[in-house]
**Student:** 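Dropping the structure in here first, questions after.
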Amino acid sequence: MSYTSLSGRTAVVTGAASGMGAATAGLLAEQGASVALLARREDRLEELAAGIGAKGGRALAVPADVTDQQSVDAAAALVGDALGRVDLVVAAAGVMLPNPVDDGRIDEWSRMIDTNLTGVLRTVRAFTGDLVASAAGGGPADLVTVSSIASHVSFPNYAVYSATKAALTHLAASLRSEFGPRDVRVTNVEPGLTDTELGHHIDNPALGLDGQLGAMFDAIGPISSEDVADLIAFAASRPRHVNLRQLVVLPTRQA
């Protein structure tokens, strides 16, 4: 698909080192946006930025950790100096660490909450000024949050992950009530079963790619990160008075 209205925009994508974040950053750049790539893994960001540049796009690798406000604020300052005012923020950083609640994995709970929920808040804090100013100047301004179908569909062993995504979905709805009157659009995207590297982070073999998750992939067939990126680009390319507020994207075979 071609989304020519994205040309000339300035975007920030968190979680850009892999998966949906990387795919979204690549597509936005392909459509003519200047894209700041935010994630912890600098080598992956540099590789993605080089690939975008080789295709004629403009991308800036900005190592940042969304669990650290100082890191996010420093990234925002760097982006502003290099690319100017941001008018599109895609909060795609996330982590999925399923385990039974009675395992008591406080380390995993804290990591998911700090990344999936508070990490988005830190990102919003750093870039709200740019989004509001862009909208006030008559241009488009978009905040896109990447939640999950798990926000309202229960899966065994995913209680805490699902809770973080449910909170994110509700956060997006609340932010829309604050930002919408100022012409900043808020779009929440809830992907279903998607082929990303998140499954490789699961340390419980019974639940990972050799267990429950892998069985779901075999039975259903996942969508790709590029499918989600296409939906994000579509939403952000609508006329500025049109807000696609809530988007759920699933593999056809997923109920």
Side-chain angles (χ1 to χ4, degrees), residues 12-25 37-41 44 63-73 75 89-101 103-128 143-176 186-204 207-208 213 222-223 225 228-229 231-232 245-250:
V12 166
V13 181
T14 68
S18 66
M20 299 177 217
T24 300
L37 315 171
L38 272 62
R40 292 178 300 169
R41 292 175 288 180
R44 298 285 291 272
D65 182 354
V66 298
T67 69
D68 181 339
Q69 187 67 59
Q70 287 187 335
S71 177
V72 176
D73 289 344
V89 175
V90 180
V95 62
M96 181 179 74
L97 304 169
N99 263 314
V101 168
D103 279 5
R105 292 292 299 272
I106 295 176
D107 58 330
E108 292 183 343
W109 303 347
S110 297
R111 185 178 170 194
M112 286 188 283
I113 293 168
D114 209 19
T115 304
N116 299 353
L117 180 59
T118 315
V120 175
L121 284 167
R122 293 188 183 97
T123 303
V124 170
R125 179 183 186 271
F127 293 102
T128 289
L143 169 64
V144 181
T145 54
V146 179
S147 182
S148 168
I149 190 66
S151 67
H152 51 85
V153 177
S154 297
F155 296 97
N157 306 306
Y158 284 76
V160 179
Y161 173 76
S162 297
T164 65
K165 291 301 188 177
L168 178 55
T169 290
H170 191 74
L171 173 65
S174 297
L175 290 177
R176 193 173 300 110
V186 180
T187 297
N188 186 57
V189 180
E190 294 184 348
L193 190 65
T194 308
D195 188 9
T196 72
E197 70 170 29
L198 290 182
H200 296 281
H201 301 162
I202 300 172
D203 66 4
N204 185 332
L207 301 180
L213 184 61
I223 59 174
S225 294
V228 179
L231 191 61
I232 291 171
R245 63 183 298 274
Q246 179 80 359
L247 301 172
V248 178
V249 54
L250 306 174

**Student:** Could you go through the side chain to side chain contact (heavy atoms under 4.5 Å, CB included) check for Val95 and Asn116 one step at a time?
**Tutor:** CA-CA 7 Å; Val95 62; Asn116 299 353; 3.7 Å; yes

**Student:** Going by heavy atoms in the side chains, are Thr145 and Lys165 under 4.5 Å from each other?
**Tutor:** no

**Student:** Taking Tyr161's backbone N and O only, do any of them form a donor-acceptor pair with Thr164's side chain (distance below 3.5 Å, no angle check)?
**Tutor:** yes

**Student:** Between the side chain of Arg122 and the main-chain N/O of Val66, is any donor-acceptor distance below 3.5 Å?
**Tutor:** yes

**Student:** How many angstroms lie between NE2 in His170 and CG in Leu117, if you round to the nearest 0.5 Å?
**Tutor:** 11.0 Å

**Student:** Should Met96 and Tyr158 count as side-chain neighbours, where that means a heavy-atom distance under 4.5 Å?
**Tutor:** yes

**Student:** So does Arg105 get a backbone contact from the side chain of Asp103, meaning a donor-acceptor N/O pair under 3.5 Å?
**Tutor:** no

**Student:** First locate atom CD of Glu190, then atom CD1 of Ile149, and finally report the distance between them rounded to the nearest 0.5 Å.
**Tutor:** 5.5 Å

**Student:** Counting only heavy atoms not in Arg41 (residues, nucleotides, ligands), do more than 12 fall under 6.0 Å from its CZ?
**Tutor:** yes

**Student:** Given side chains that start at C-beta, do those of Thr123 and Val120 come closer than 4.5 Å, heavy atoms only?
**Tutor:** no

**Student:** For a 4.5 angstrom cut-off between non-hydrogen side-chain atoms, does Trp109 reach Val101?
**Tutor:** yes

**Student:** Between CG of Leu250 and CG of Leu193, what distance do you get to the nearest 0.5 Å?
**Tutor:** 9.5 Å

**Student:** To the nearest 0.5 Å, what is the distance between OG1 on Thr24 and CG on Leu231?
**Tutor:** 9.5 Å

**Student:** Is a side-chain N or O of Thr169 found less than 3.5 angstrom from the main chain of Ala166, in a donor-acceptor match?
**Tutor:** no

**Student:** Are the side chain of Thr14 and the backbone N or O of Ala93 linked by a donor-acceptor pair below 3.5 Å?
**Tutor:** yes

**Student:** So Arg111 and Thr67, do their side chains get closer than 4.5 Å, heavy atoms only?
**Tutor:** no

**Student:** Using modelled atom types only, decide if a donor and an acceptor are shared between the side chain of Thr187 and the backbone of Arg245 within a distance under 3.5 Å.
**Tutor:** no

**Student:** More than 12 heavy atoms of other residues, nucleotides or ligands under 6.0 Å from NE2 of His152: yes or no?
**Tutor:** yes

**Student:** Report the C-alpha separation of Met20 and Ser225 in whole Å, then their side-chain angles, then the decisive distance to 0.1 Å, and conclude whether the side chain to side chain contact (heavy atoms under 4.5 Å, CB included) test is met.
**Tutor:** CA-CA 5 Å; Met20 299 177 217; Ser225 294; 4.1 Å; yes

**Student:** Is it true that, when you exclude Arg44 itself, more than 12 heavy atoms of the residues, nucleotides or ligands shown sit nearer than 6.0 Å to its CZ?
**Tutor:** yes

**Student:** If we only count heavy atoms from C-beta on, is the Ser18 to Thr196 side-chain gap below 4.5 Å?
**Tutor:** no

**Student:** Under a 4.5 Å cut-off applied to non-hydrogen side-chain atoms, are Leu207 and Asn99 in contact?
**Tutor:** yes

**Student:** Is the backbone of Asp65 close enough, under 3.5 Å, to the side chain of Ser71 for a donor and an acceptor to pair up by distance?
**Tutor:** yes

**Student:** Quick one: does Pro222's side chain get under 4.5 Å of Thr194's, heavy atoms only?
**Tutor:** no

